[in-house]
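When a residue number appears, it is its place in the shown sequence, counting from 1.
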Amino acid sequence: MYGGRDEGNVAQRQLNIRVDAAMFDVLEAAAFIDGMSLPELIRPILDDLAKDLAADPAVQLALRAREERSATRSGKLTRLPARQAEDV
């Protein structure tokens, strides 16, 4: 589950997005006013969004499915949730 940004302990991945020129200009101007870079302006917003999404049960199921699929491909066993383990 997403636990916030801790650059020392969490593997990072790059995210590239395209925005229209007007939106970019607004974001760049806001970052300039606040004396920060564009990534510094956007990162806290993405952190908040990710925390909100991480609480969504559908997102949790999707993350669990991705983890199980990845483990299956690599030949690793995954731990079943308690309720599911009782049914086996």
Minimum heavy-atom distance L41-A31, with the two atoms named =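 Closest approach of L41 to A31: CD2-N, 4.0 Å.
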
Write down the atom of N16, the atom of Q14, and the distance for their closest heavy-atom approach.
->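 Heavy atoms of N16 and Q14 come nearest at OD1-NE2, 3.0 Å.
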
Are any of the side-chain heavy atoms of L53 and L49 separated by less than 4.5 Å?
->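 Yes; the side chains approach each other to less than 4.5 Å.
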
ILVMFWY network linking V19 to L38, side-chain heavy atoms under 4.5 angstrom |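 As far as the 4.5 Å side-chain criterion goes, L38 and V19 are connected within one cluster.
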
According to a 4.5 Å side-chain heavy-atom criterion applied to Ile, Leu, Val, Met, Phe, Trp and Tyr, with indirect links allowed, do M23 and M36 form part of one hydrophobic cluster?
->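 Cluster IDs for M23 and M36 match.
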
Output all residues satisfying side-chain contact (heavy atoms from CB on, under 4.5 Å) with [X], sequence neighbours left out; order by chain, then residue number.
| X | value |
| --- | --- |
| P57 | none |
| L15 | I17, L46 |
| F32 | none |

Where the side chain of T72 meets the backbone of E68, is there a donor-acceptor pair that is under 3.5 Å apart?
->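 Yes.
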
